[in-house]
Chemist: 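The following block contains the structure, expressed as structure tokens.
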Amino acid sequence: MGNFDGMCGTSRSFFARDVLEVAPALLGCVLQRTDAEATISIRITEVEAYAGERDPGAHSYRGMTNRNKTLFGPPGHLYCYFTYGLHHAINIVVGQLGQPYGCLIRAGDVIEGARVARERREQKPRKVPLPEHGLARGPGCVAQSFGVNLTNDGDDLFAGQWRFFGSRDGVVLPHVVGPRVGVSGPGGDAAAFSWRYWLANASSVSTYKPARA
DNA sequence: CCAACGATTAACT
DNA sequence: GTTAATCGTTGGT
């Protein structure tokens, strides 16, 4: 495993561009992590762009903190954070060094390692069975399927456990654009920040929930 | 120091 | 549609 039809390895410079250019280009790409337990490969179906100092919805809007310092580092690394006291979520760091841009990976199709991903997602008993397309549906579910936590914050996606596969010809797949999920305040303004991108026909795309005022 | 809240999820009415 | 779960980070005092 590890090779995908029409896909190939990508260089770090793919991520060293503006986040509004990179975010839609991530759709259909495959992110892969191999640890002692398994190899998990996820085909990205939903992302959101966060544009640092020009984005009031971004963690990095008010400058560097201990939590968000990875965003200020080189592109092509993993920004992992913990939220709501329960969940982890992952970004890919985007932009030139020092531009604190990130793409939140909101959903994807688990195309390799689904058995282990399901074990991780079903550690707590559930009332209704988890469908295959629900394994990595939602940011917390993506992180849990990969089995990542805060110790993975800053991981280099071009080394160690991680691989990233883009489309061979760099084509951006047809997609849908809309307002971001769960962003309150000015950054949630749908007209100014419709920076959520998803594949229209993907069943793993999370259901839309508007942010509270 | 402390209070508020969050780039969420799953279950419930 | 509404709400509990659960805690680190953040920003103000």
Side-chain angles (χ1 to χ4, degrees), chain A residues 19-20 22-24 26-27 31 42 44-72 77-95 99-108 110 117-154 176-198 203-213:
Chain A
V19 67
L20 297 186
V22 175
L26 292 175
L27 297 171
L31 185 59
I42 295 182
I44 297 169
T45 57
E46 179 186 2
V47 301
E48 282 173 2
Y50 288 87
E53 66 285 339
R54 58 188 168 96
D55 178 3
H59 285 173
S60 49
Y61 180 58
R62 291 159 207 277
M64 193 186 305
T65 66
N66 188 57
R67 175 177 67 165
N68 69 22
K69 58 179 184 273
T70 298
L71 287 171
F72 291 78
H77 286 243
L78 194 76
Y79 168 50
C80 184
Y81 66 93
F82 182 64
T83 190
Y84 289 101
L86 320 165
H87 304 294
H88 297 273
I90 60 172
N91 284 224
I92 298 178
V93 178
V94 168
Q99 289 184 314
Y101 303 159
C103 288
L104 173 69
I105 310 300
R106 286 197 58 88
V110 179
R118 176 174 293 276
E119 285 173 9
R120 291 169 175 169
R121 294 275 288 109
E122 291 179 341
Q123 282 176 33
K124 290 175 185 167
R126 13 182 96 241
K127 278 282 165 58
V128 294
L130 179 63
E132 193 77 0
H133 68 255
L135 288 176
R137 180 180 177 173
C141 303
V142 171
Q144 194 174 22
S145 287
F146 272 129
V148 295
N149 56 52
L150 286 183
T151 67
N152 295 285
D153 180 43
V176 189
V177 177
R180 297 181 295 193
V181 178
V183 179
S184 58
D189 178 22
F193 302 102
S194 278
W195 290 353
R196 175 181 178 234
Y197 307 85
W198 68 96
S203 58
S204 57
V205 170
S206 60
T207 52
Y208 173 67
K209 291 179 188 172
R212 268 183 24 181

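Values below: every heavy atom of this structure, side chains too, minus hydrogens, waters and symmetry copies.
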Chemist: Can you pull out every salt bridge (charged side-chain N to carboxylate O under 4.0 Å, His left out) where at least one residue sits in residues 131-141 of chain A? Sequence neighbours excluded, please.
Modeler: A:Arg118-A:Glu132

Chemist: Which pairs, with at least one residue in residues 46-57 of chain A and sequence neighbours excluded, count as a salt bridge (charged side-chain N to carboxylate O under 4.0 Å, His left out)?
Modeler: A:Asp18-A:Arg54, A:Glu46-A:Arg106, A:Glu46-A:Arg196, A:Glu48-A:Arg106, A:Asp55-A:Arg180

Chemist: What residue pairs, at least two apart or across chains, pass salt bridge (charged side-chain N to carboxylate O under 4.0 Å, His left out) with a residue in residues 79-94 of chain A?
Modeler: none

Chemist: For each nucleotide in nucleotides 6-13 of chain C, reading 5' to 3', give B when a protein heavy atom comes within less than 4.0 Å of its base, S when such contact involves only the sugar-phosphate, and - otherwise.
Modeler: BB-SSS--

Chemist: Using a heavy-atom distance cut-off of less than 4.0 Å, which residues of residues 130-149 of chain A contact DNA chain B?
Modeler: A:Gly138, A:Pro139, A:Gly140, A:Cys141

Chemist: Which parts of residues 48-55 of chain A get close to DNA chain B, meaning a heavy atom less than 4.0 angstrom away?
Modeler: A:Tyr50

Chemist: Just the dot-bracket of DNA chain B, please: which string comes out with Watson-Crick or G-U pairs under 3.5 Å, [ ] for crossing, | for another strand?
Modeler: ||||||.|||||.

Chemist: Can you name the side-chain contact (heavy atoms from CB on, under 4.5 Å) partners of A:Ser204, sequence neighbours left out?
Modeler: A:Thr45, A:Asp109, A:Ala202

Chemist: Report the residues that fulfil salt bridge (charged side-chain N to carboxylate O under 4.0 Å, His left out) with A:Glu119, sequence neighbours left out, ordered by chain and then residue number.
Modeler: A:Arg115

Chemist: Select base, sugar-phosphate, or nothing to describe what A:Gly57 touches, counting heavy atoms under 4.0 Å on all strands.
Modeler: base

Chemist: Going by side-chain contact (heavy atoms from CB on, under 4.5 Å), name the residues that satisfy it together with A:Ser194, two or more places apart in sequence or in a different chain.
Modeler: A:Val177, A:Pro179

Chemist: ring-ring contact (aromatic ring centres under 6.0 Å, His included) with A:Tyr61: which residues, sequence neighbours excluded?
Modeler: none

Chemist: Please enumerate all residues that pass salt bridge (charged side-chain N to carboxylate O under 4.0 Å, His left out) together with A:Arg67, with sequence neighbours excluded.
Modeler: none

